[in-house]
Amino acid sequence: MHARYLSKEIKEIEQQAQEYWGQQQSFKATPQEGRAKFYCLSMFPYPSGRLHMGHVRNYTIGDVIARFQRMQGKNVLQPMGWDAFGLPAENAALANGVPPAKWTYDNIDYMRRQLKSLGFAIDWTRELATCKPDYYKWNQWLFLRMLSEGIAYKKTGIVNWDPVDQTVLANEQVIDGRGWRTGALVEKREIPMYYLAITKYAEELLADLEKLPDWPERVRAMQANWIGKSVGVRFAFPYSVEGKRENLWVFTTRADTMMGVTFCAVAAEHPLATYVAARSPEIAAFVEECRRGTVMEADLATIEKKGIATGLTVTHPLTGEQIPVWIGNYVLMGYGEGAVMAVPAHDERDFHFATQYGLPIKQVIQVPGESFSVDRWQEWYADKTRGRCVNSGIYDGLDFGGAVNAIAADLKSKGLGDKQVMWRLRDWGISRQRYWGCPIPIIHCGACGDVPVPEEDLPVVLPEDCVPDGTGNPLNKRADFVNCRCPKCGKEARRETDTMDTFVDSSWYYARFCSLPVAAGRVDAMVTDESGYWMPVDQYIGGIEHAILHLLYSRFWWKVMRDLKLVRGDEPFERLLTQGMVLNEIFFRKPATGRIAYFNPSDVEFKLDEKGNRIGAILKSDGQAVDSGGIGTMSKSKNNGVDPQALIEQYGADTARLFMMFAAPPEMTLEWSDSGVQGAYRFLRRLWDFGLRLHREWFIGDAGVAPIRPQPPYDWSNASEAQKEIRRKLHGLLRQATDDINKKQFNTVVSAAMQMLNLLAGGFPGQSGDGWKEAETLGSVRQHILAEGTGILLRVLAPIVPHITHVLWQELQYSAEYGADILTAPWPQVDQAALEQASIEMVVQVNGKLRARVIVPAQASEEAVRAAALADEAVARHVEGKSVKKVVVVPGRLVNIVVAG
RNA sequence: GCCCGAGUGGCGGAAUUGGUAGACGCAAGGGACUUAAAAUCCCUCGAUCGCAAGGUCGUGCCGGUUCGAUUCCGGCCUCGGGCACCA
């Protein structure tokens with residue numbers, strides 16, 4: 001056994017444990033019928049280069065859960081893979097000239113080593129990477145199935161266009177409305193794209209949230225809002241143009257305000273806008289202006305609301321009034337009909353627009369007791385729960401529901417509209433004009449049109465030697481990729497060069513992991529029968545930032561696979577844990593001219609006052625002050641990242657894991673703290689020293705004392721009161737740790753373990769002198785408590801710090817009691833008998849304020865407790881001269897005496 | 001702008017889910033050991049009044065329900081996540 005717990009020895013300990021697991025193939029998972037399975041999955045990483053702290057946190061949480069489930073006797077699968085397609089690889093290629101494929105594979109190799117050094121209980125035989133043809137073949141295969149099922153289809157979509165580089169930009173590449181490399185003003189451009197009809201599943205995606213009680217409430221709420229079911233009315237404003245009768249269709253959830261319509265607004269891309277733009281340079285200029293800027297909703301929502309009158313009018317379908325039509329930059333073509341009715345009196349956005357352009361405001365809803373004024377917007381104008389119709393002719397006096405029903409019925413009878421369910425959710429555009437992604441398996445033939453690649457020709461393999469240069473998709477320049485023959489007519493044809501959104505890759509990887517061919521290196525099916533054993537994922541763990549898109553797309557994809565009879569079950573993820581982000585302090589200096597310089601927190605030192613309060617910070621290298629920018633997520637741009645590699649090398653994987661688990665509960669943000677890491681390391685060193693002392697007592701012996709390992713069954717019959725108290729505390733802590741690990745509140749599991757060690761390694765009743773050196777009977781109660789308690793402590797810590805507990809478990813020979821391997825040792829049981837107490841302490845309050853504590857027998861009646869409380873001297877002092885109105889007794893906890901006067 | 005969270009000592013956080021606010025850890029201060037430093041061990045540690053016993057205040061802010069509120073309700077403020085081409 002090692003003498004010290006220092007970095008050299010940590011490496012040996014961790015290596016010893018990891019080699020043992022490797023030799024035993026401890027983490028290789030195979031289906032075992034009749035045994036409860038547990039599929040524990042953490043969101044797979046993008047191979048960006050090196051692990052970051054978010055990864056370490058994510059995978060440690062998953063690993064703790066996986067290891068705990070093993071100790072519960074479950075058959076556990078925990079796989080790992082790589083979300084390997086994506087934009088950063090192309091950016092790296094731009095910067096270094098390295099092909100994205102090579103960059104990605106190199107990163108995977110490095111990061112795999114890092115993950116292995118952290119000792120995660122991963123079945124590496126199932127590893128996959130989404131950029132490999134045997135994976136993305138099935139993206140293509142399922143896409144073609146969706147195409148034939150009518151779920152995948154083609155239509156135009158709007159993208160960010162950089163006019164200088166002649167390339168499509170991701171939202172991320174648009175900075176303040178300009179291209180990131182060229183600085184050119186970005187334009188919107190319409191191009192043909194493939195879409196997946198996720199809206200066909202909207203109803204089920206919404207309803208099935210009910211089937212996910214073990215998902216965080218907030219994630220379900222976010223998804224429900226995202227899907228955004230609303231019941232409203234779709235109706236038409238008739239109009240004539242060049243003698244032809246047309247309808248301007250709109251959708252509204254506030255049909256009750258329809259009598260207050262004073263104008264309509266259409267999106268700049270709306271056909272009506274295109275029509276008038278062709279006839280008016282002024283309007284064309286406005287439409288052109290709307291085309292500039294990004295397609296990001298967050299930006300669109302905050303831009304200045306602008307509009308222009310088209311000069312056209314439409315007819316109000318109920319009143320026959322002529323309503324002017326405007327073009328508004330805030331109307332989204334992609335949502336609803338691309339046109340809206342405007343009711344300035346009862347919609348805040350319309351109100352401000354009308355005020356700005358001097359359009360009429362007509363009140364048609366009144367809330368009793370309120371007064372309406374066109375000068376100022378008030379919240380109640382839009383309150384559909386309290387209002388009644390006014391100035392609305394035959395609808396006057398109706399409430400929201402009544403008015404909507406009546407108006408919808410009248411529109412229906414005129415053939416101009418009806419009630420309709422509307423979804424906020426839009427179909428999923430998957431075409432990307434980018435190289436490093438899964439090719440869309442379509443061939444464009446001059447004669448036959450868009451022809452799907454025949455199944456036997458899959459996969460369409462992406463060439464791995466392209467180097468993007470920032471001007472469009474390099475695949476377009478690859479004749480060997482583009483030129484092909486039409487599968488239908490055999491004539492020369494062009495291969496589609498768009499690739500798929502990387503969200504496609506991550507929408508089904510969880511199923512691929514538990515598909516036997518992956519493990520066996522076979523590629524002949526998308527998923528196989530083995531998924532029937534492992535799926536659904538019992539526990540999914542990942543960042544809260546994926547709460548909507550990734551999780552919604554995955555749920556959709558799974559339902560499509562289900563409907564294609566590839567898998568069974570309605571939902572892929574049974575339980576979900578969304579971890580918080582990892583934050584660190586931000587320090588910077590802002591020079592009088594030039595850019596802000598950010599400094600890594602490890603290069604900054606604090607100035608403290610005499611109480612230890614921070615009063616400033618200086619840069620270590622020059623001793624000059626730096627400004628604090630508060631706390632933020634670790635990022636390159638803020639230069640506040642901490643490299644996990646340095647941490648692992650200095651303190652070891654167990655310290656990194658322990659700190660991560662102790663610093664905050666999994667769902668909360670975690671603030672980085674160097675001294676917190678040292679605290680974790682200090683604890684492990686104390687644990688090691690404690691183990692070392694036990695080892696000497698049990699197996700080596702001291703002067704005059706022969707070594708004897710205490711053996712079960714342990715015997716408490718001669719325990720003193722003080723020793724019983726130790727066991728009571730120990731089992732109380734075990735009960736707490738067990739509750740907490742089941743709740744996945746790992747920080748308090750660590751806290752309980754720390755208290756256990758304090759209890760066992762601290763002063764100890766039954767020892768004389770300093771205890772460790774003095775002679776004593778090894779069959780003593782004290783030794784039995786130490787043996788029992790250490791066995792409990794090691795198992796409580798095993799999921800969190802697996803290396804050190806593995807070695808101590810073997811060195812202290814717990815194998816004989818609970819099995820050779822702490823990995824599969826049963827989670828310790830609470831001894832209920834140890835928890836029993838003869839007397840308990842109860843808190844006494846007077847009018848809710850703590851005034852005394854009394855010791856009463858555990859079985860004392862309520863009467864007796866009340867009497868004991870009132871008899872207490874301190875209580876008497878506060879009750880004296882006042883009348884007792886009421887006494888509340890909470891059994892086993894407290895007494896509250898309510899007095900008056 | 002819209003949707004979803006979070007706010008507790010100098011700091012990270014705990015509180016048996018309506019019942020002792022501040023567990024556990026970090027930082028800080030004091031002491032022991034040491035030639036010294038590191039490491040380790042012991043003590044103190046929300047604010048305030050008081051020699052003390054003890055009192056008062058205190059969980060972002062304002063109000064409410066309750067014998068009792070960090071916990072439940074209403075209204076604000078601040079910070080964080082997402083907003084469909086970052087993953």
Side-chain angles (χ1 to χ4, degrees), chain A residues 43 45-46 48 83 85-88 91 157 159-160 168-174 216-219 221-222 224-226 228 295-303 330 334 348-349 424-426 428-429 431-434 501-503 506 543-550 552-553 578 580-581 583 606 608-614 630-633 662-665 667-680 682-683 685-686 689 735-736 739 745 747-748 750-755 758 841-845 847-850 853 874 877 885-888 890 893-894 896-898:
Chain A
M43 290 180 187
Y46 177 78
S48 55
D83 189 12
F85 276 136
L87 198 54
N91 293 343
V159 294
N160 300 307
V168 174
L169 297 179
N171 284 338
E172 187 191 52
Q173 297 171 316
V174 179
E217 183 61 45
R218 60 168 159 162
V219 174
M222 280 191 266
N225 287 328
W226 186 262
V295 300
M296 290 168 74
E297 200 189 325
D299 293 339
L300 294 173
T302 49
I303 52 169
Y330 65 95
E348 189 169 1
R349 198 173 47 187
R424 213 187 73 91
L425 184 67
R426 306 200 291 264
W428 174 15
S431 294
R432 297 291 180 270
Q433 297 68 45
R434 259 179 263 300
D501 181 3
T502 56
F503 274 123
S506 56
I544 183 68
E545 67 274 18
H546 297 292
I548 295 174
L549 291 180
H550 163 62
L552 194 65
Y553 291 150
T578 50
M581 323 242 332
L583 313 181
F606 301 117
L608 304 178
D609 66 12
E610 67 280 3
K611 279 182 152 182
N613 301 335
R614 256 160 63 171
I631 303 259
T633 54
F662 183 53
E667 311 230 54
M668 254 193 241
T669 54
L670 181 150
E671 279 179 46
W672 185 256
S673 155
D674 283 324
S675 51
V677 172
Q678 283 172 39
R682 196 147 45 215
F683 169 75
R685 201 160 53 196
R686 291 214 304 133
D689 286 349
R735 185 174 59 182
Q736 185 215 315
D739 288 350
Q745 186 172 299
N747 56 329
T748 49
V750 174
S751 162
M754 286 173 165
Q755 290 175 76
N758 289 344
E841 184 186 81
M842 286 184 75
V843 161
V844 186
Q845 299 179 331
N847 285 350
K849 282 186 199 240
L850 175 67
R853 294 157 205 273
R877 206 165 52 232
K885 285 173 63 182
K886 188 175 175 184
V887 178
V888 180
V890 182
R893 194 152 295 160
L894 60 71
N896 190 14
I897 299 162
V898 186

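Each chain gets a letter, A, B and so on, in the order its sequence line appears, and its residues count up from 1. Fair warning: this is a prediction, and the values are worked out from it, not measured in the lab.
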- Query: So what's rU40(B) paired with, Watson-Crick or G-U wobble, going by both distances under 3.5 Å?
  - Reply: rA32(B)
- Item | Separation of Leu583(A) CG from Ser673(A) OG (nearest 0.5 Å) | 12.5 Å
- Looking at every strand, decide which applies to Thr669(A) at a 4.0 Å heavy-atom threshold: base, sugar-phosphate, or nothing. sugar-phosphate
- Query: Which is true for Leu894(A) with a 4.0 Å heavy-atom rule: it touches a base, it touches only sugar-phosphate, or it touches nothing?
  - Reply: base
- Would you classify Arg682(A) as touching base, sugar-phosphate or nothing, given that sugar-phosphate means primed atoms plus P, OP1 and OP2, and contacts are heavy atoms under 4.0 Å? sugar-phosphate
- Supply the atom-to-atom distance Met581(A) CE to Leu670(A) CG, rounded to the nearest 0.5 angstrom. 11.5 Å
- Task: State whether Thr502(A) places a side-chain N or O below 4.0 Å from either non-bridging phosphate oxygen (OP1 or OP2) of rA87(B).
- Result: yes
- Partner nucleotide, any strand, of rG12(B) [Watson-Crick/G-U, under 3.5 Å]: rC24(B)
- Item | CH2-CG distance between Trp428(A) and Leu552(A), expressed to the nearest 0.5 angstrom | 9.0 Å
- Message: Just to be sure I understand the rule, does Val750(A) reach a base, reach only the sugar-phosphate, or reach nothing, if contact means heavy atoms closer than 4.0 Å?
- Response: nothing
- Query: Listed by chain and number, what are the salt bridge (Lys or Arg N to Asp or Glu O under 4.0 Å) partners of Arg426(A), not counting sequence neighbours?
  - Reply: none
- With a non-hydrogen cut-off below 4.0 angstrom, is Tyr46(A) in contact with a base, only sugar-phosphate, or nothing? sugar-phosphate
- Note on the structure: Side-chain atoms of His546(A) come closest, of rA87(B), rG19(B), rG25(B), to rA87(B)
- Identify whether any heavy atom of Met43(A) sits under 4.0 Å from a base atom; if not, whether one sits that close to sugar-phosphate; answer base, sugar-phosphate or nothing. nothing
- Query: Under 4.0 angstrom, heavy atoms only, what part of the nucleic acid is Val898(A) near: base, sugar-phosphate, or nothing?
  - Reply: sugar-phosphate
- Nearest-nucleotide 5' precedence on RNA chain B, Ala680(A) against Pro665(A): Pro665(A)
- Asn896(A) side-chain proximity, nearest of rA87(B), rU20(B), rG68(B): rG68(B)
Nucleotide N/O of nucleotides 63-65 of chain B paired with protein N/O under 3.5 Å:
none

- Message: Could you check whether the side chain of Arg893(A) and the base of rU20(B) have a donor-acceptor pair of N or O atoms closer than 3.5 Å, going by distance alone?
- Response: no
- Item | Mate of rG46(B) where both pairing distances stay under 3.5 Å, Watson-Crick or G-U | rC57(B)
- At under 4.0 Å between heavy atoms, what does Leu425(A) touch on the DNA or RNA strands: base, sugar-phosphate, or nothing? base
- Would you mind classifying the nucleic acid contact of Arg686(A) as base, sugar-phosphate or nothing, using non-hydrogen atoms under 4.0 angstrom? sugar-phosphate
- Query: Base, sugar-phosphate, or nothing: which does Gln433(A) touch, judged by heavy atoms less than 4.0 Å apart?
  - Reply: base
- If you measure from CD on Gln736(A) to CG on Asp739(A), what distance do you get to the nearest 0.5 Å? 8.0 Å
- State whether Lys849(A) places a side-chain N or O below 4.0 Å from either non-bridging phosphate oxygen (OP1 or OP2) of rA69(B). no
- Query: Which part of the nucleic acid does Gln678(A) contact within heavy-atom distance under 4.0 Å: base, sugar-phosphate only, or nothing?
  - Reply: nothing
- Message: Measure CD/Glu667(A) against P/rA14(B) and give the value in whole Å, please.
- Response: 12 Å
- Using a 4.5 Å cut-off on heavy atoms from C-beta on, say whether the side chain of Arg686(A) contacts that of Asn758(A). yes
Report each atom pair, protein N/O against N/O of nucleotides 1-5 of chain B, whose distance is under 3.5 angstrom.
{"unit_1": "rC3(B)", "atom_1": "O3'", "unit_2": "Asn225(A)", "atom_2": "ND2", "d": "2.8"}
{"unit_1": "rC3(B)", "atom_1": "O2'", "unit_2": "Asn225(A)", "atom_2": "ND2", "d": "2.7"}
{"unit_1": "rG5(B)", "atom_1": "O2'", "unit_2": "Arg218(A)", "atom_2": "NH1", "d": "3.4"}

- Just call it for His550(A): base, sugar-phosphate, or nothing, with non-hydrogen atoms closer than 4.0 Å on any strand. nothing
- Message: Reading RNA chain B from 5' onward, which residue's closest nucleotide shows up sooner: Asn160(A) or Leu670(A)?
- Response: Leu670(A)
- With both distances kept under 3.5 Å, what pairs with rG7(B), Watson-Crick or G-U wobble? rC77(B)
- Task: Quick one: label Phe683(A) by what it contacts on the DNA or RNA (base, sugar-phosphate, nothing), any heavy atom closer than 4.0 Å.
- Result: nothing
- Considering just the side-chain nitrogens and oxygens of Asn171(A), establish if one lies under 4.0 Å of OP1 or OP2 belonging to rC83(B). no
- Message: With a 4.0 Å cutoff (strictly under), does any side-chain N or O of Gln745(A) reach OP1 or OP2 of rA15(B)?
- Response: yes
